[in-house]
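Before any comments, here is the structure.
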Amino acid sequence: MLDLKLLRQDPEGVADRLRKKHFEFDVARFLALDAERKRAETESQTLQSQRNQAARQVGVLIKQGLSVDEAKAQVADTLRTIDERLEAAVQQTRTAQQQLDELLMAVPNLPADRVPEGADETANAEVLRWGEPRAFDFEVRDHVDVGQRLAGLDFDAAAKLTGSRFMVLEGQVARMHRALIQFMLDTHTTRHGYREVYVPYLVNADSLRGTGQLPKFEEDLFRLEGDSGYYLIPTAEVPVTNLARDRILEADELGEHGVKLVCHTPCFRSEAGSYGRDTRGMIRQHQFEKVELVQLVRPEQADAALEALTGHAEYILQALELPYRKVLLCGGDMGFAAAATYDLEVWLPGQSQYREISSCSHFGDFQARRMMARWRNPATGKPEYLHTLNGSGLAVGRTLVAILENYQQADGSVTVPEALVPFMGGLRALTPG
RNA sequence: GGAGAGGUGGCUGAGCGGUUGAAAGCGCACGACUCGAAAUCGUGUUUACGGUAAUCCCGUAACGAGGGUUCGAAUCCCUCCCUCUCCGCCA
């Protein structure tokens, strides 16, 4: 959610900045709603104040010796006058507040100044390339073929068990999938200083509103039947960031460099509207594993934290010796809640292109304001909004894809990246048969 | 699933219809005392929104959430949520 004060001070300026995100902010409607809210609220508060005074007067009169009925009679006229207006005023306040909330909850975050203009991924700015795509002296297979030759990847079985966009992993491939999770978690906890957390995979609507998936993007989510109101998490970002919801962290809880959390969870996405895209293979699945990095930091540390967090994700790619590039997303390609986003794209020889494997974002106080995640600034003694960040470190399924494709050999085997060998019980290659 | 207890400020914990946003204690902050510290004493210490640009001031709201009764609700009633204890069941 954007800062109401900023919106009031400079609605046109905000609308202008939102255009970079290809969002049209209805300034006139906002101003009208806000004016009505203020009018209704002022009126109902004044009436309520008068009403409280009258009620208190009854108590005072009774203490002075009047009977209850006599005391009530003295304020009856005043109360009648107030009540004629009060109920309507309260209702108007509620309606106006609700409409304003609905409007604001649907407004995306402002992009940072350095975010490039542009409508889609073609306008993203490449920041760096790391590693050389390998030259193959045989015909390159994509991960589906590689995985199936290893008897490790079975989409037919998954389709039978559930449906499309699911997978079954077996044998050494399943083990490598698990090894990747361990490797990532161990690296981020021991090398990068993150604290590991385990969280629910089902969350309520408040949590999804907090991080920004609701109310606008309900169609991307799996919602449970029944009256629990629970949703399957689309990313660990939701439960992990919401740990700070409705909290005021003391400075010592926040620590000098903020709170850094790492969490492995499955992620569930409906992929509504992606029909026909990435239908082959395990690039786009309804269920996939991800190791997520989340940081809660002081505002002035947020920019540096995004660089650091992205670096932590990059380290995994580097340790696995997977060629990748880093891009700064343009306004039109960014997520709803983000102020700035780096995508890491890994080289996939099977597709001869770079594909997203991590998305690292800085949300400013946008999520924190939605979820009332604050910290007490010792300098002012007042609660202030935290700044939140998160990024994949990494998407596990896509990392497996990248290894299968980049490390494939002519004989159908797949070399295990050196860094992963200890997590594979010393196994150095995945072999067919 | 059965039976019971309970949800109040950073924490412990009173209040059970009337200036109670809330006693007391702890914690914390500031001040005094001190060479300094401890101890002691004093003062202060919830949050959101609005009046306003304002850390002062004023108002409204909030004692799990939502409704109701009442001139007046933390206190009474209803519904829901959550926590704890015992029994049963269970990874």
Side-chain angles (χ1 to χ4, degrees), chain A residues 1-11 13 30-31 33-105 198 200-207 209-210 224 226-231 239 242-255 365 368-386:
Chain A
M1 205 156 77
L2 297 180
D3 183 2
L4 250 183
K5 281 187 182 146
L6 177 66
L7 276 165
R8 285 182 187 133
Q9 275 168 14
D10 186 18
F30 164 73
L31 291 176
L33 282 177
D34 192 44
E36 164 59 10
R37 194 218 83 255
K38 182 181 275 189
R39 184 206 64 74
E41 193 163 318
T42 308
E43 183 184 4
S44 62
Q45 286 188 1
T46 306
L47 290 167
Q48 193 58 250
S49 175
Q50 292 168 356
R51 200 171 200 294
N52 288 344
Q53 250 171 35
R56 246 173 262 145
Q57 184 64 14
V58 175
V60 171
L61 291 172
I62 292 170
K63 278 211 175 110
Q64 287 174 357
L66 270 68
S67 76
V68 175
D69 285 341
E70 285 168 339
K72 280 166 68 173
Q74 283 212 13
V75 300
D77 284 349
T78 316
L79 283 178
R80 201 175 309 117
T81 319
I82 293 170
D83 286 344
E84 274 170 21
R85 279 294 304 140
L86 185 59
E87 199 183 334
V90 167
Q91 192 51 49
Q92 285 163 7
T93 306
R94 204 174 291 183
T95 305
Q97 190 64 255
Q98 201 177 327
Q99 288 178 332
L100 192 62
D101 276 353
E102 277 170 24
L103 178 80
L104 291 176
M105 286 295 274
Y198 171 85
Y201 301 159
L202 301 176
V203 292
N204 57 35
D206 283 341
S207 295
R209 269 190 289 274
L224 264 59
D227 50 16
S228 72
Y230 295 163
Y231 296 80
N242 272 281
L243 287 171
R245 171 151 58 88
D246 296 323
R247 298 240 310 142
I248 301 173
L249 298 181
E250 296 302 330
D252 60 331
E253 286 179 279
L254 192 57
D365 61 10
R369 184 175 287 107
R370 286 179 161 238
M371 67 172 77
M372 292 297 277
R374 294 168 294 171
W375 70 295
R376 196 175 297 281
N377 186 344
T380 61
K382 294 292 167 194
E384 296 174 10
Y385 292 116
L386 289 164

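Proteins get letters first, then strands, A, B, ... in listed order; numbering begins at 1 in each.
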How long is the line joining [atom1] of [X] and [atom2] of [N], in whole Å?
{"X": "A:Glu250", "N": "B:C11", "atom1": "CD", "atom2": "P", "value": "10 Å"}
{"X": "A:Asn204", "N": "B:A65", "atom1": "CG", "atom2": "P", "value": "16 Å"}
{"X": "A:Asp246", "N": "B:G64", "atom1": "CG", "atom2": "C1'", "value": "12 Å"}
{"X": "A:Leu86", "N": "B:C71", "atom1": "CG", "atom2": "P", "value": "15 Å"}

Tell me which residues in [range] lie within less than 4.0 Å of RNA chain B, going by non-hydrogen atoms.
{"range": "residues 34-50 of chain A", "result": "A:Arg37, A:Lys38, A:Glu41, A:Gln45, A:Gln48, A:Ser49"}
{"range": "residues 67-80 of chain A", "result": "A:Lys72, A:Leu79"}
{"range": "residues 368-375 of chain A", "result": "A:Met372, A:Arg374"}

Phosphate oxygens OP1/OP2 of [N]: is one of them under 4.0 Å from a side-chain N or O of [X]?
{"X": "A:Asn52", "N": "B:U19", "result": "no"}
{"X": "A:Lys5", "N": "B:A54", "result": "yes"}
{"X": "A:Arg8", "N": "B:C49", "result": "no"}

Where A:Ser207 and A:Asn242 come nearest, the two heavy atoms and their spacing: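 In this case the closest contact between A:Ser207 and A:Asn242 is O-ND2, 2.8 Å.
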Base-pair string, RNA chain B, Watson-Crick plus G-U, cut-off 3.5 Å on both distances, | for inter-strand, is ((((((((.[[[..)..(.....]]]((((((.......))))))((((((.....)))))).[[[[[..)....]]]]])))))))....
side-chain hydrogen bond (donor to acceptor under 3.5 Å, both in side chains) pairs, two or more places apart, involving residues 50-60 of chain A: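 Residue pairs with at least one partner in residues 50-60 of chain A: A:Arg51-A:Asp83.
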Between the protein and nucleotides 72-79 of chain B, which nitrogen or oxygen pairs are less than 3.5 angstrom apart?
{"residue": "B:G72", "atom": "OP1", "partner": "A:Arg51", "partner atom": "NH1", "Å": "3.2"}

Is A:Arg80 paired with A:Glu84 through a side-chain N to carboxylate O contact shorter than 4.0 Å?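 Not counted as a salt bridge, because no side-chain N and carboxylate O are separated by less than 4.0 Å.
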Lys/Arg-Asp/Glu bridge criterion (N-O < 4.0 Å) met for A:Lys38, A:Glu41: no
